[in-house]
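Step one of this worksheet: look at the structure below.
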Amino acid sequence: MITIKEQSRDFSAVEQYLMTLDNGIISMKDVTDNTSIPVTGYIIFEDEKENGDVNEILSIITDTKEVYSCQSATFKRTVKDIAGIMKGEPFSVIKVSGKTKAGRDFINCTLDVNSVK
């Protein structure tokens, strides 16, 4: 079951489907570092599995209806922070990744300053 917790704007039913249930969603961990992704909106939702496990997921939709998603708390926080600063203006993020001091992989993003006017 899908429960939308937060969204950056109102989405059509088709956009909600693409961002939550579609098999074509691209996992952010599979995106090459330094890839620029245009953000036209995001949804944060909970996906409850049949066994009761619940995952909080961020999905980003682009102007061409491509959807990227992740569970990374750091990535989610950064996208929300950038969207808050941009106040509805279009922007892109650049996907980055690395390893923590403890050796764990992580993903994050930065504002693509070349995408804003």
Side-chain angles (χ1 to χ4, degrees):
M1 178 169 61
I2 301 295
T3 305
I4 296 175
K5 293 180 61 181
E6 183 179 333
Q7 54 189 28
S8 61
R9 63 175 172 86
D10 289 330
F11 292 99
S12 70
V14 171
E15 288 173 320
Q16 286 183 32
Y17 166 77
L18 290 172
M19 296 174 78
T20 58
L21 298 171
D22 188 57
N23 290 330
I25 295 172
I26 301 162
S27 176
M28 198 62 75
K29 69 179 186 223
D30 296 333
V31 174
T32 304
D33 277 358
N34 300 313
T35 299
S36 182
I37 301 166
V39 179
T40 60
Y42 70 85
I43 285 178
I44 296 175
F45 66 96
E46 288 182 342
D47 182 12
E48 184 175 353
K49 302 297 182 189
E50 291 176 10
N51 65 4
D53 289 348
V54 178
N55 295 314
E56 185 180 85
I57 299 171
L58 164 77
S59 282
I60 293 172
I61 193 164
T62 70
D63 52 352
T64 59
K65 304 277 189 265
E66 282 186 307
V67 176
Y68 299 85
S69 71
C70 71
Q71 295 181 40
S72 165
T74 304
F75 198 100
K76 286 185 263 192
R77 183 175 49 252
T78 303
V79 167
K80 288 172 57 174
D81 289 347
I82 293 170
I85 289 170
M86 296 307 294
K87 295 180 174 63
E89 294 296 316
F91 66 93
S92 296
V93 294
I94 297 174
K95 187 257 184 175
V96 295
S97 64
K99 288 200 179 287
T100 66
K101 291 178 184 176
R104 294 184 50 164
D105 292 331
F106 71 88
I107 62 169
N108 199 355
C109 63
T110 61
L111 175 64
D112 182 351
V113 294
N114 294 318
S115 73
V116 293
K117 298 176 182 166

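Numbers for residues simply follow the sequence, beginning at 1.
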- Query: Which residues pass the salt bridge (Lys or Arg N to Asp or Glu O under 4.0 Å) test with Glu66, sequence neighbours left out?
  - Reply: none

- Which residues pass the salt bridge (Lys or Arg N to Asp or Glu O under 4.0 Å) test with Lys101, sequence neighbours left out? none

Side chains of residues 69-80: which donor-acceptor pairs under 3.5 Å do they make with residues two or more places apart or in other chains?
| from | atom 1 | to | atom 2 | distance (Å) |
| --- | --- | --- | --- | --- |
| Ser72 | OG | Thr74 | N | 3.4 |
| Ser72 | OG | Phe75 | N | 3.0 |
| Ser72 | OG | Ile107 | O | 3.3 |
| Lys76 | NZ | Glu56 | O | 3.0 |
| Lys76 | NZ | Glu56 | OE1 | 3.0 |
| Lys76 | NZ | Gln71 | O | 3.4 |
| Thr78 | OG1 | Thr74 | O | 3.0 |
| Thr78 | OG1 | Asn108 | OD1 | 2.7 |
| Lys80 | NZ | Glu6 | OE1 | 3.2 |

- Decide yes or no on side-chain contact (heavy atoms from CB on, under 4.5 Å) for Tyr68 and Leu58, but give the supporting numbers first. CA-CA 8 Å; Tyr68 299 85; Leu58 164 77; over 6 Å; no

- Quick one: do Val96 and Ile37 end up in the same hydrophobic cluster if we chain Ile, Leu, Val, Met, Phe, Trp and Tyr together by side-chain heavy atoms under 4.5 Å apart? no

- Query: Hey, what else clusters with Ile2 if you join Ile, Leu, Val, Met, Phe, Trp, Tyr whenever side-chain heavy atoms sit under 4.5 Å?
  - Reply: Ile4, Phe11, Val14, Tyr17, Leu18, Met19, Leu21, Ile25, Ile43, Phe45, Ile57, Ile61, Val67

- Message: Given 3.5 Å as the limit, does a donor-acceptor pair link the side chain of Arg9 with the main chain of Tyr42, or not?
- Response: no

- Message: Once rounded to the nearest 0.5 Å, what's the spacing between atom CD of Glu15 and atom CD of Gln7?
- Response: 10.0 Å

- Query: From Thr35 OG1 over to Asp30 CG, what is the distance, rounded to the nearest 0.5 angstrom?
  - Reply: 11.5 Å

- Query: More than 12 heavy atoms of other residues, nucleotides or ligands under 6.0 Å from CG of Asn51: is that the case?
  - Reply: yes

- Task: Would you check if Ile60 and Met28 make a side-chain contact, meaning some heavy-atom pair closer than 4.5 Å?
- Result: yes

- Minimum heavy-atom distance Asp63-Pro38, with the two atoms named: OD1-CG, 3.8 Å

Would you be so kind as to tabulate the donor-acceptor pairs closer than 3.5 Å made by side chains of residues 82-95, with sequence neighbours excluded?
| from | atom 1 | to | atom 2 | distance (Å) |
| --- | --- | --- | --- | --- |
| Lys95 | NZ | Val31 | O | 2.8 |
| Lys95 | NZ | Asp33 | OD1 | 3.0 |

- salt bridge (charged side-chain N to carboxylate O under 4.0 Å, His left out) pairs touching residues 103-113, sequence neighbours excluded, are Lys99-Asp105

